[in-house]
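Along the sequence shown, residues are numbered consecutively beginning with 1.
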Amino acid sequence: MSLLCNQMQETFKFILQARQKFIELIDSLSIEQLNKIPAGFNNNIIWNFGHIVVSTQTLVYVRTGIKADTAWVKYNEDYKKDTKPTRFVEQAEVDELKEIAIRSIEQIAVDYENGVFGAITSFSTSTYGYPLNTIEEVIALTSGHDNVHFGYAMAQRRCL
């Protein structure tokens, strides 16, 4: 197995472990706490979690040109960039987001191993403006993005 494959396996493992920590945070709070928007914030803990779930799928598959649009990304309209909470999120949706959070990363890892991302369309994110030319760069970016939003959620928890 190549060094790159070993590195990517470790990256996927790290992403899954970080998402599991986010899920542990979610599981430690009530549905009311997950939905509360603390003073000084414009979103809440469940929005931050939902946002990483939909953003990773969009960045990895849509922005790279692998898939044409986001119609297949469940909850995309609720959690995509530039949205904010507009409704109370029920426990069933929280549970489904937790499941998608893990399953989607496992699927990306399988697709990576199977060469689905052999040729991607290069793009730059509006947040960082840095060009992403390889799927490895996109996946590294999503890992960092996940952790930014986990940090926001941890700060929000302290404000509850």
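- Between R87 and E93 a salt bridge is recorded (basic side-chain N to carboxylate O distance below 4.0 Å).
- Residues Y79 and I46 come closest through the heavy atom pair CE2-O, 3.9 Å.
- Between the side chain of E10 and the main chain of N6, no donor-acceptor pair closer than 3.5 Å is present.
- Between the Q156 side chain and the N43 main chain, a donor and an acceptor come within less than 3.5 Å of each other.
- Interatomic distance, T121 OG1 to L132 CG, rounded to the nearest 0.5 Å: 12.0 Å.
- A donor-acceptor distance shorter than 3.5 angstrom exists from the side chain of Q33 to the backbone of S30, with no hydrogens or angles considered.
- Checked options D27, I26, I45; the residue passing with V94 is I26 (criterion: side chain to side chain contact (heavy atoms under 4.5 Å, CB included)).
- Between K80 and T83, the shortest heavy-atom contact is O-OG1, 2.6 Å.
- Using a distance-only test at 3.5 Å, with no hydrogens or angles considered, a donor-acceptor pair links the side chain of N44 to the main chain of N35.
- Distance check, rounded to the nearest 0.5 Å: CG of N147 to CE of M154 gives 11.0 Å.
- Distance check: I23 CD1 to S28 OG gives 12.5 Å after rounding to the nearest 0.5 Å.
- In this structure, F14 places its CZ atom where only 12 or fewer heavy-atom neighbours from other residues, nucleotides or ligands lie under 6.0 Å away.
- Once rounded to the nearest 0.5 Å, the distance linking OG1 of T86 with CD of E77 reads 11.0 Å.
- In this structure, OG in S126 is found 3.5 Å from NZ in K81, a value given to the nearest 0.5 Å.
- In this structure, CD in E96 is found 12.0 Å from CD in Q91, a value given to the nearest 0.5 Å.
- R157 and L29 get closest at one heavy-atom pair: CG-CD2, 4.2 Å.
- Between the side chain of H149 and the backbone N or O of N48, no donor-acceptor pair lies under 3.5 Å.
- Looking only at distances, a side-chain donor or acceptor of T142 sits under 3.5 Å from a matching main-chain atom of I139.
- For K84 and W47, the positive end is not near the middle of the six-membered ring at less than 6.0 Å and at most 45° from its axis.
- Closest of all the heavy-atom pairs between T64 and Y61 is OG1-O, 3.4 Å.
- More than 12 heavy atoms of other residues, nucleotides or ligands lie within 6.0 Å of CD in E137, so this atom counts as buried by the packing criterion.
- Hydrophobic cluster membership differs between V110 and I135, with clusters built from Ile, Leu, Val, Met, Phe, Trp and Tyr side chains linked at under 4.5 angstrom.
- Judged by distance alone, with hydrogens and angles left aside, the side-chain atoms of R63 form no donor-acceptor pair with the main-chain N or O of Q57 at under 3.5 Å.
- Checked by atom type and distance alone, the side chain of N114 never pairs as donor or acceptor with a backbone atom of V116 at under 3.5 Å.
- Between the side chain of R19 and the backbone N or O of A101 there is at least one donor-acceptor pair closer than 3.5 Å.
- The pair E106-R103 does not meet the salt-bridge criterion, since no charged nitrogen lies less than 4.0 angstrom from a carboxylate oxygen.
- Residues in residues 15-46 take part in these ring-ring contact (aromatic ring centres under 6.0 Å, His included) pairs, two or more places apart or across chains: F22-F49, F22-F150.
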